[in-house]
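Heads up: the structure comes next, in structure tokens.
In this chain, numbering begins with 1 at the start of the sequence shown.
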Amino acid sequence: MHISRFFQDNAVLTLGLCALAAAMPQKLVPRQSTWNPPSNLVTPLQQVWDHEVATYSNALGFKNYGYDQVMANGGYINYCVRWDSASNLTEAQRAQILTALQRSMKKWIDWFVGFDGFPYTSVPVKIVGYAVKSTSQLQGSTSGYDVYTTKDSGGIPECDPRCGRFFHQDGNYGSCPGGTSRHYDMSLWLTDGFAGGAGGDWGQRIGQEYFMSNLNTDNIHILLHEMGHTFALDDFYDWTPTGVTNFIMLAGSSTIITEFDGWMARDWWRHLKSRYGITGGTATTTTTSSSRTTTTSTRTTTTSSRTTTTTARTTTTGSSGGSGSPLYGQCGGVNWTGPTTCAQGTCTYSNAYYSQCL
């Protein structure tokens, strides 16, 4: 079973961000070809890297980061949208969803263009499918999409696992009805009434109402934050690096990808590029920790903090009645009153507010 990297962000942390956005200037991405971050960011960047390598399991061995997906495809990303909603979608709205995804992904990719051997000047994003409760929800033409009406064990619309990279990280999509060209690398999971967000190598999950009401917003900050997790960036629930207090990965502090966010992502690229046969540029010296293990590929929380790390800690609870939560469903967390067992997978602790069936 492939295990995702999962993160949940408390909705409380996002309050007041609309006002914050108006006050924050939009910065152009500095074009640099080598690892030469601003002097005021050198120390905090090293602190973040040391922490990630020490707390992630198999940090440099895990091979389903967003970088891996882009490189495996030769420079593009395919999405499937899980429309976990009772609402209908017009053809125009679907076009807006694609535009919003493309715009948001570009904000991350722009930090890599021209940097340290990154081979692409752009990374096109395409939506190849929709999973819906009923085909009647997709109004207008659905040409160009695979439409799925299958559901997981919890009754939630599900994109065909046979076509998902999360399930086929070897790149073999022989069982996908449409073949490799119709595979999806990530899911955009839009859920009625969902507060906050979640993200990992499998994609991003955010509230349907929030996302649809912000389709034309330049910075859909929860989506940008969750995309950051797809590119291996951490949460900062209980600590902040020296001298930086406002950046997209510190939930609630910024509505835009900041220079610090960009350099954190660049740090991952320079350490991973050799796996793609890219050489030259700056050295990719790795700082390791004697306590680091290499047995799994996902993160949960450590005992001493809420910073997400590895699956070494999982939640296995007794029966709560019923059949349990479905695969990817919630199974625990502060104030959670639903099932605490899983119909599929294992209830995996992510943080105090969220555990998920994986």
Single-linkage hydrophobic cluster, 4.5 Å side-chain cutoff, W239 and L45 together = yes
Give a yes or no on whether L223 and L215 share a hydrophobic cluster (residues Ile, Leu, Val, Met, Phe, Trp, Tyr; joining criterion: side-chain heavy atoms under 4.5 Å apart).
-> yes
Give the intermediate values and the outcome of side-chain contact (heavy atoms from CB on, under 4.5 Å) for residues W49 and H271.
-> CA-CA 10 Å; W49 183 254; H271 283 87; 3.4 Å; yes
Using 0.5 Å steps for rounding, measure from the [atom1] atom of [X] to the [atom2] atom of [Y].
X	Y	atom1	atom2	result
L98	L188	CG	CG	11.0 Å
S187	D84	OG	CG	11.5 Å
I248	S254	CD1	OG	5.0 Å
N219	I257	CG	CD1	7.5 Å
T240	F260	OG1	CZ	9.5 Å
S122	I109	OG	CD1	9.0 Å

Is it true that the SG atoms of C342 and C347 are less than 2.5 Å apart?
-> no
Under-2.5 Å SG separation for cysteines C80, C163 = no
Would you please say whether a donor-acceptor pair under 3.5 Å links the side chains of [X] and [Y]?
X	Y	value
H225	D235	yes
H168	D170	no
Q204	Y79	yes

Tabulate below the donor-acceptor pairs under 3.5 Å that side-chain atoms of residues 138-149 make, not counting sequence neighbours, or state none.
residue	atom	partner	partner atom	Å
S141	OG	S143	N	3.1
D146	OD2	R182	NE	3.1

Please find the pair of heavy atoms, one from [X] and one from [Y], that lie closest to each other, and give the distance.
X	Y	answer
E226	I206	CG-CG2, 4.3 Å
I220	A100	CD1-CB, 3.9 Å
E259	W111	CA-CH2, 3.6 Å
W108	L224	NE1-O, 3.0 Å
I222	Y210	N-OH, 3.2 Å
Q69	D185	OE1-CB, 3.6 Å

Would you confirm whether D152, through its side chain, and G155, through its main-chain N or O, come within 3.5 Å as a donor-acceptor pair?
-> yes
With distance as the sole test, does Y65 use its side chain to make a donor-acceptor pair with the main-chain N or O of W269 at under 3.5 Å?
-> no
Show your working on side-chain contact (heavy atoms from CB on, under 4.5 Å) between D234 and H229 and close with a plain yes or no.
-> CA-CA 6 Å; D234 210 350; H229 290 318; 5.6 Å; no
Would you check if the distance from the ring center of [X] to the ring center of [Y] is below 6.0 Å?
X	Y	answer
W83	W189	no
F166	H183	no
Y67	Y276	no

Would you call [X] and [Y] a salt bridge, taking side-chain N to carboxylate O under 4.0 Å as the test?
X	Y	value
R275	D68	yes
R266	D116	no
K107	D110	no

Test side-chain hydrogen bond (donor to acceptor under 3.5 Å, both in side chains) applied to T191 and E209, Q208, R205, the passing residue = R205
Test side chain to side chain donor-acceptor pair (under 3.5 Å) on S85 and D192 and set out the steps.
-> CA-CA 5 Å; S85 172; D192 281 352; 2.8 Å; yes
Do the numbers put R162 on top of the ring of Y173, so that NZ or CZ is under 6.0 Å from the six-membered ring centre and no more than 45° off the axis?
-> no
Residues 125-135 side chain polar contacts: donor-acceptor under 3.5 Å, at least two apart:
residue	atom	partner	partner atom	Å
S134	OG	S136	N	3.3
S134	OG	S136	OG	2.9

Single hit among F231, F115, Y56, W263 for ring pair (Phe, Tyr, Trp, His ring centres under 6.0 Å) with W268 = Y56
Under the side-chain hydrogen bond (donor to acceptor under 3.5 Å, both in side chains) rule, collect the residues that match up with Q47, sequence neighbours excluded.
-> T242
